[in-house]
Amino acid sequence: MRDDVLTMIPGPTPVRRTILDALARPTTSHQAPSFVETFREALDQVKTIVMSAVGYPFVVSGSGTLAMEMALVNLVASDERLLVVSQGYFGDRWAQLAQAFGIECRLLQAEWGRQVPVERVRREVEHGRYAAVAMTHVDTSTGTAAPVEEYCRALAGRETLLLLDGVCATGGIEERFDEWGLDVVLTGMQKALGAPPGLAILVVSERALARRRAIDAVPAYYADLLRWEPVMEDPARYFSTPPVNEVLALHEAARLVLNEGLARRFARHDRVAAAMRRGFERLGLTLFTDERCRASTLTVLNYPDRVEDAPFRAVVATHGVVVAGALGPIAGKAFRVGHMGNIGAAEVGRTVAALGRALDEVGRPVDVDGAVAEALAGLEP
Ligand code: PMP
């Protein structure tokens, strides 16, 4: 395994040295006072990142999918209904989870690369009885950003809980938990927070916790929010051993996010996305996602005719950059470049150059230097 490879997939994203150093620190007792204090701070940081004063943060070993499962099994009983607003593969995952737990689910799917219109969501909720609506902020399969604030506004004032998968957004794109009236925002560590994978992270509203309490038993033990609630209130308490070093890494990752400042970080994601796309387009590549709903955290690119997916990405990798294949119906026809977390001009330059050289090598001569220069114009180092 090479250590100098630049991982530009839509998660895991490049991890800063100080975060890796946190992982490499001596592992302490999960009840050591210094660790408990760091855990407490990390929970506060998570709330701050989703702009919440009133939410309840939960951080447990696991990945984004566990966080989705926790949201669902705790907040929607098996005789209740779920509305899923899906912009792709990960939106559809909500429906698969519902099916796994016997929850009746209605799935609103957008054409890939487009959004589900706000009106359609509003109409559906007006006419159906839904315990919750599950949304995906950025669907990592299609590069589509959902109009979350508008969905929330359209659905405000109802009992229906609003669950948001922020896995490909949280820490990179604005999410105003309190102001938008969200009931759950969930994420993993390995995306816009720029840390290694390993933690499932949720912020849960008071009314969502009340909903959990109103359900006698949920089909979960480890994933039961009520078992974790005392630990999140006071991390000196024990339910199941927390991943001590991962929590240290989260604390450091969140410190970097908050040091940069949320508004600046979100604006940087916009600038980096624009820079990447200037470079890609100059290389003659076209973007898959409708221009009205492109997320700033990744780009989905169409393959030019006769460029083969796996061999092309293998050539890109020989230039030190790893990009991802596409999923579902566009697998083999498109590829994905992540550009979220702790990255900037250097990563933009390397990525555009690697793609350009690879295109050259597969017989599509392009102006690599010109594309890099165009990408970087206006992007400070
Ligand atoms: N939701 C979205 C939007 C994702 O991008 C992913 C991971 N790519 C997941 C959920 C699942 O997260 P994990 O792989 O950490 O389980």
Side-chain angles (χ1 to χ4, degrees), residues 7-15 46 50 58-73 82 84-98 100 107 109-110 112-116 133-148 151 162-175 182 184-203 222-223 243 246 249-250 253 269 273 288-289 293-300 322-328 330-331 334-341:
T7 304
M8 298 302 284
I9 63 175
T13 56
V15 181
V46 164
V50 299
F58 290 77
V59 170
V60 306
S61 275
S63 70
T65 305
L66 176 70
M68 294 171 75
E69 186 161 322
M70 286 175 80
L72 203 61
V73 298
L82 175 74
V84 173
V85 182
S86 173
Q87 267 91 217
Y89 181 94
F90 290 101
D92 292 356
R93 181 166 287 191
W94 280 117
Q96 290 167 6
L97 281 160
L107 176 59
Q109 283 172 309
W112 272 44
R114 293 173 182 270
Q115 298 171 329
V116 177
V133 178
M135 308 169 274
T136 312
H137 198 162
V138 172
D139 203 301
T140 321
S141 61
T142 55
T144 305
V148 177
Y151 288 157
L162 305 179
L163 319 181
L164 183 65
D165 168 357
V167 171
C168 197
T170 306
I173 302 179
E174 181 176 77
E175 291 173 333
L182 286 160
V184 172
V185 169
L186 63 91
T187 190
M189 290 227 285
Q190 74 274 22
K191 304 255 179 179
L193 296 175
L199 290 178
I201 299 166
L202 303 95
V203 177
Y222 181 84
E246 293 276 344
L250 171 64
H269 277 75
F288 170 77
T289 316
C293 54
R294 288 177 188 155
S296 62
T297 46
L298 81 157
T299 298
V300 184
V322 174
V323 295
L327 299 169
I330 60 170
F335 65 104
R336 299 174 301 152
V337 179
H339 34 74
M340 66 191 119

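Counting starts at 1 for both ligands and their atoms, following the listed order. Because only heavy atoms are used, hydrogens play no part in the values below, and waters and symmetry mates are left out as well, while side chains stay in.
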Using a distance-only test with no angle check, is there a side-chain donor-acceptor pair under 3.5 angstrom linking Thr144 and Asp139?
no
Just checking, is any N or O donor in the side chain of Thr142 or Gln87 under 3.5 Å from an acceptor N or O on the other one?
no
Between His137 and ligand 1, which part of the residue brings a heavy atom under 4.0 Å of the ligand: side chain, backbone, both or neither?
neither
Hey, does the side chain of Tyr151 reach the backbone of Val116 with a donor-acceptor pair shorter than 3.5 angstrom?
yes
Can you tell me which residue among Lys191, Glu175, His137 is in a side-chain hydrogen bond (donor to acceptor under 3.5 Å, both in side chains) with Thr170?
Glu175
Below 4.0 Å from any atom of ligand 1, is there a heavy atom belonging to Thr136?
yes
Is it the case that ligand 1 has an N or O less than 3.5 angstrom from some N or O of Ser63?
yes
Return the closest protein heavy atom for atom 14 (O) of ligand 1 as residue, atom name and distance.
Gln190 NE2, 4.1 Å
Give a yes or no on whether Phe90 atom CZ has more than 12 heavy-atom contacts from other residues, nucleotides or ligands under 6.0 Å away.
yes
How close do Gly338 and Leu298 get, heavy atom to heavy atom, and via which atoms?
CA-CB, 4.0 Å
Nearest neighbour in protein (non-hydrogen) for atom 7 (C) of ligand 1
Lys191 NZ, 3.3 Å
Side-chain (Arg93) to main-chain (Thr65) donor-acceptor, under 3.5 angstrom:
no
To which protein heavy atom is atom 11 (C) of ligand 1 closest, and what is the distance rounded to 0.1 Å?
Thr65 OG1, 3.3 Å
Closest approach of any protein heavy atom to atom 1 (N) of ligand 1, naming residue and atom
Asp165 OD2, 2.5 Å
For atom 13 (P) of ligand 1, find the nearest protein heavy atom and state the residue, atom name and distance (0.1 Å precision).
Gly64 N, 3.5 Å
Is it the case that Thr299 and His339 place a side-chain donor and acceptor less than 3.5 Å from each other?
yes
For Arg93, counting its heavy atoms only, list the atoms of ligand 1 lying under 4.0 Å from any of them.
11 (C)
Val138 and ligand 1 - part of the residue with a heavy-atom distance under 4.0 Å
backbone
To check your reading of the model: name the closest protein heavy atom to atom 5 (O) of ligand 1, its residue, and the distance in Å.
Thr140 OG1, 2.3 Å
Quick check on contacts: which atoms of ligand 1 are under 4.0 angstrom from a heavy atom of Met68?
10 (C)
